[in-house]
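First the structure, which I've put down as structure tokens, then a few questions once you've had a look.
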Amino acid sequence: MGKESKSRGFFGWFLVLVILALVVGAVVYIIKKKLDHGNDNKPTPVPGPPGAIDHKYAYALEIAMQFFDVQKSGRLVDNKISWRGDSALTDGSEAKLDLSKGMYDAGDHVKFGFPMAFTATVLSWAILEYRDQMEAVNQLEPAQQSLKWITDFLLNAHPSPNVLYIQVGDPVTDHKCWDRPEDMTEKRPLTQVNASIPGTEVAAETAAAMASASLVFKTADSTYSSTLLTHAKQLFTFADNNRGSYSEKIPEVATYYNSTGYGDELLWAASWLYHATADQSYLEYVTGENGKEFAQWGSPTWFSWDNKLAGAQVLLSRLSFFGASGNSVIENYRKSAENVMCGLLPESPTATSSRTESGLIWVSEWNSLQHPVASAFLAALYGDYMLTTQTAKLTCGDHSFEPSDLRKFAKLQADYVLGSNPLKMSFLVGYGDKYPQYVHHRGASIPVNATTGCTDGFQWLNSTKPNPNVAVGALVGGPFLNETFVDSRNNTMQTEPTTYNSAVIVGLLSSLVTTSSAVKSFG
């Protein structure tokens, strides 16, 4: 009887202990789940100063930066390209201006102000966001020097508040020649916009270039920075008060750089002027009636030399991320930027179908690499804004994504350009073992010691031999949708490089050279 009672007592205590253990386990499990759920809303810790260098991207950045030197016009200083020399020294003389600087647009010798200004704006943006990363791989100074080469030209091209010279050279005449820039003899007429012949988009883009560049040089050269900002303000006022598309007012420009509208440039320029000045009138500009008219909130667009809306949306989303807004309209820009990001991420329910089988964003057969590289640059930026502000998730429909997903997408596009593609070929000239040899570029195609006039140089365009000079850093047009590429000088849509392509690839590679986070202020 006594033994049986003790046995039941022992069993009872054992049962109590088991139940207690189960309860404690359940409590621990619930707490852990809550902690894990909380951690789901916390991204990877924000990296500090640049960490370990990714040498692949660092080397690619060094290569890409050199194409700006290839494209320079004027009296070259500390020339690093052996086959280039002084050129176009009298540009602007008919207006008693020095327009010798600036950069040739592509493989020809015209200076188109609209894409050149966009090049400067994007290069400024890259420097402002990724200064530390550039400096870590010794590319900050080259970037600043190339930017100043353009802004020096833009300043001289704006001799009075309502006059802006937007083009040097006649494309029709220029394209009848195939010669080195050092040997040009054809006339170089000037094209301007003014109060009677407005060009809102090119004036506003130039304002954006100068405003953004004023931030780049604010500390190193405050006088130059102030000069840029003064011109930026004047140009924005000119652009806004004298509305009209330069493609309509000067129809001949539409053949080469046709504008599809100027509303995006006005918002883009005002956004940069707000960042440069903190003047509330510019913020009111993008959040008031002009925002309603031009912003196209909720309708994703492709970032390019022609359309700046996606860029403006990402730039203005900074104000939301870094707590300086409190403006509900700014949230519309951020939401629109999120829509852009959701369209880029391949696993998103709203992912664009505009891509190749290998995952490259593909929008246009002409200069196809502009859109994927520009898109990847924006994705890298947006991901870094999220990372820096500890924003854990980006919601796309019923899916959510992390900053690392945006960086993964950016790397996919960059890696494709650098050779991870079906052709196993780099589209960045001078990078890797295999890259285009027949780049559509006059200076690269003609031997330095060749004597050619305007037309007899066409023998070099049609030559079956590879270019004798390497257009180092050139980002060529890129592949077709079926991921084929015809390496031929006469295949302009695929083998011609542009300076604005260089700006977006420099921005993208700068974001990838090392651990990345965003600066909280450009000031």
Test of ring centre spacing under 6.0 Å for Phe153 and His158 =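 No, ring centres 6.0 Å or more apart.
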message = Angle between ring planes, Trp178 versus Phe458, binned at 30° and 60°: parallel, tilted or perpendicular?
response =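 Trp178 vs Phe458 ring planes: tilted.
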ask   = Is the closest basic N to carboxylate O distance between Arg131 and Glu135 below 4.0 Å?
value =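 Salt bridge flag = no for Glu135 with Arg131.
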message = For a quick check under 3.5 Å, do Asn162 and Asn242 share a side-chain donor-acceptor pair by atom type?
response =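 Note: Asn162 and Asn242 side chains miss the donor-acceptor criterion.
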ask   = What heavy-atom pair brings Phe68 and Ala503 nearest, and what distance separates the two atoms?
value =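 Heavy atoms only, the tightest pair is CZ-N, 3.8 Å.
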inquiry  = For Val476 versus Leu369, what's the shortest heavy-atom pair and its separation?
reply    =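 Answer, listing the atom of Val476 first, then Leu369: O-CD1, 3.6 Å.
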ask   = Does one side chain, of Asp98 or Ser100, offer a donor that lies under 3.5 Å from an acceptor on the other?
value =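 Result is yes, a qualifying pair exists.
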message = So that I know where these two stand, are Phe114 and Tyr257 an aromatic pair - ring centroids less than 6.0 Å apart?
response =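 No, the ring centres sit 6.0 Å or more apart.
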query = Per the side chain to side chain donor-acceptor pair (under 3.5 Å) rule, which among Thr173, Asp91, Asp170 passes with Arg188?
reply =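 Of all the options given, the one that passes is Asp91.
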inquiry  = So does Val470 get a backbone contact from the side chain of Asn467, meaning a donor-acceptor N/O pair under 3.5 Å?
reply    =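 No; zero donor-acceptor contacts below 3.5 Å.
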key: Under 3.5 Å side-chain donor-acceptor pair for Glu205 and Thr121   =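 There is such a pair between these side chains.
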query = Considering all heavy atoms of both residues, which atom of Asn79 and which atom of Arg84 are nearest to each other, and what is their separation?
reply =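 Reported closest heavy-atom pair: ND2-O, 2.8 Å.
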ask   = Considering all heavy atoms of both residues, which atom of Trp305 and which atom of Gln370 are nearest to each other, and what is their separation?
value =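 Nearest pair, atom of Trp305 first, then Gln370: N-OE1, 3.1 Å.
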query = When you measure from the side chain of Gln494 to the backbone N and O of Val486, does any donor-acceptor pair fall under 3.5 Å?
reply =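 Looks like yes, one N/O pair under 3.5 Å.
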request  = State whether the side chain of Ser124 and the backbone N or O of Ala120 hold a donor-acceptor pair below 3.5 Å, judged by distance alone.
outcome  =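 Yes.
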ask   = Between atom OG1 of Thr191 and atom CD of Gln167, what is the distance when rounded to the nearest 0.5 Å?
value =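 Separation between the atoms: 4.5 Å.
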query = Can you find a side-chain donor-acceptor pair between Asp415 and Tyr57 that sits under 3.5 Å?
reply =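 The answer is yes; a qualifying pair exists.
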task = Verify, without hydrogens or angle tests, whether Ser368 (side chain) and Glu365 (backbone) share a donor-acceptor contact under 3.5 angstrom.
result =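 No, Ser368 side chain to Glu365 backbone: no donor-acceptor pair under 3.5 Å.
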ask   = With no hydrogens and no angle check, do the side chains of Asn491 and Ser488 hold a donor and an acceptor under 3.5 Å apart?
value =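 No.
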query = Side chains of Tyr416 and Glu483: is there a donor and an acceptor less than 3.5 Å apart?
reply =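 Yes, side-chain donor-acceptor contact under 3.5 Å.
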task = Please round to the nearest 0.5 Å and tell me the distance separating atom CG of Leu309 and atom OG of Ser336.
result =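 Going from the CG atom of Leu309 to the OG atom of Ser336 covers 9.0 Å.
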inquiry  = With rounding to the nearest 0.5 angstrom, report the CZ to CG distance, Arg355 to Leu412.
reply    =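 That separation rounds to 8.5 Å.
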query = Should the heavy atoms of other residues, nucleotides or ligands under 6.0 Å from CD of Glu186 be counted, would the total exceed 12?
reply =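 Yes, because the 6.0 Å sphere around CD of Glu186 holds more than 12 heavy atoms from other groups.
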task = Evaluate the side chain to side chain contact (heavy atoms under 4.5 Å, CB included) criterion for residues Val216 and Leu128: first the C-alpha distance (whole Å), next the side-chain angles of each, then the deciding distance (0.1 Å), finally the verdict.
result = CA-CA 6 Å; Val216 171; Leu128 290 168; 3.9 Å; yes
key: side chain to side chain donor-acceptor pair (under 3.5 Å) partners of Asn258, counting only residues at least two apart   =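 Here the qualifying residues are Ser247.
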Gln145-Glu141 side chain donor-acceptor pair, cut-off 3.5 Å =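 Distance-only check passes for Gln145 and Glu141.
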task = Taking the six-membered ring for Trp and the single ring otherwise, decide whether the centroids of Trp362 and Trp302 are under 6.0 Å apart.
result =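 No.
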message = For the backbone of Gly443 and the side chain of Asn469, can you confirm whether one donor and one acceptor N or O come within less than 3.5 Å of each other?
response =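 The answer is yes, because a donor-acceptor pair under 3.5 Å joins these two groups.
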task = Compute whether any side-chain donor of one residue and acceptor of the other, for Glu201 and Ser245, lie under 3.5 angstrom apart.
result =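 Note: Glu201 and Ser245 side chains meet the donor-acceptor criterion.
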request  = Establish, yes or no, whether a centroid distance under 6.0 Å links the rings of Tyr262 and Tyr246.
outcome  =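 Ring centroids of Tyr262 and Tyr246 are no less than 6.0 Å from each other.
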message = Using a strict threshold of under 4.0 Å (side-chain N to carboxylate O), is an ion pair present between Asp174 and Lys176?
response =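 No salt bridge links Lys176 with Asp174.
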Lys56, NZ atom: more than 12 neighbouring heavy atoms under 6.0 Å =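 Enclosed.
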ask   = Going by atom types alone, do Ser426 and Lys434 pair a side-chain donor with an acceptor below 3.5 Å?
value =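 Short answer, no.
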key: Ion pair check, Glu129 and Arg318, cut-off under 4.0 Å   =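 Looking at Arg318 together with Glu129, the answer is yes, because their closest N to O distance falls below 4.0 Å.
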Aromatic ring pairing Tyr431/Tyr59, orientation class (parallel under 30°, perpendicular over 60°, tilted between) =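 Ring orientation of Tyr431 relative to Tyr59: tilted.
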query = Are Phe377 and Phe303 close enough that their ring centres sit under 6.0 Å apart?
reply =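 They do not qualify: ring centres at least 6.0 Å apart.
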inquiry  = Could you tell me if Tyr500 and Asp105 have a donor-acceptor pair between their side chains, going purely by distance under 3.5 Å?
reply    =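 There is no such pair (donor and acceptor under 3.5 Å, judged by atom type) between the side chains of Asp105 and Tyr500.
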ask   = Which atoms form the tightest heavy-atom contact between Trp272 and Ala208, and what is the distance?
value =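 Residues Trp272 and Ala208, closest heavy atoms: CD1-CB, 4.0 Å.
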request  = Would you name the heavy atoms of Ala270 and Tyr285 that are closest together and state the gap between them?
outcome  =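 What the structure gives for the nearest pair is CB-CD2, 3.7 Å.
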query = At what distance, to the nearest 0.5 angstrom, does CD of Gln133 lie from CG of Leu509?
reply =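 So the gap between those two atoms works out to 12.5 Å.
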ask   = Is the backbone of Pro300 close enough, under 3.5 Å, to the side chain of Asn339 for a donor and an acceptor to pair up by distance?
value =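 No, because the side chain of Asn339 does not come within donor-acceptor range (under 3.5 Å) of the backbone of Pro300.
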query = Less than 4.0 Å between a side-chain N and a carboxylate O, is that true for Asp108 and Arg442?
reply =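 Looking at Arg442 and Asp108, the cut-off is not met.
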task = Report yes or no: do Tyr165 and Gln192 form a side-chain donor-acceptor pair below 3.5 Å?
result =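 Result is yes, a qualifying pair exists.
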key: Parallel, tilted or perpendicular, as decided by the 30° and 60° cut-offs, for the rings of His275 and Phe522   =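 Correct class here is tilted.
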task = Please test Asn421 against Phe427 for side chain to side chain contact (heavy atoms under 4.5 Å, CB included), starting from the C-alpha separation and ending with a verdict.
result = CA-CA 10 Å; Asn421 55 62; Phe427 293 102; 3.6 Å; yes
query = Is the shortest side-chain N to carboxylate O distance from Arg489 to Glu496 below 4.0 Å?
reply =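 Looking at Arg489 and Glu496, the cut-off is not met.
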message = Please determine whether the number of non-hydrogen atoms from other residues, nucleotides or ligands lying under 6.0 Å from atom CZ of Arg75 exceeds 12.
response =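 Atom CZ in Arg75 is not packed in, count stays at 12 or less.
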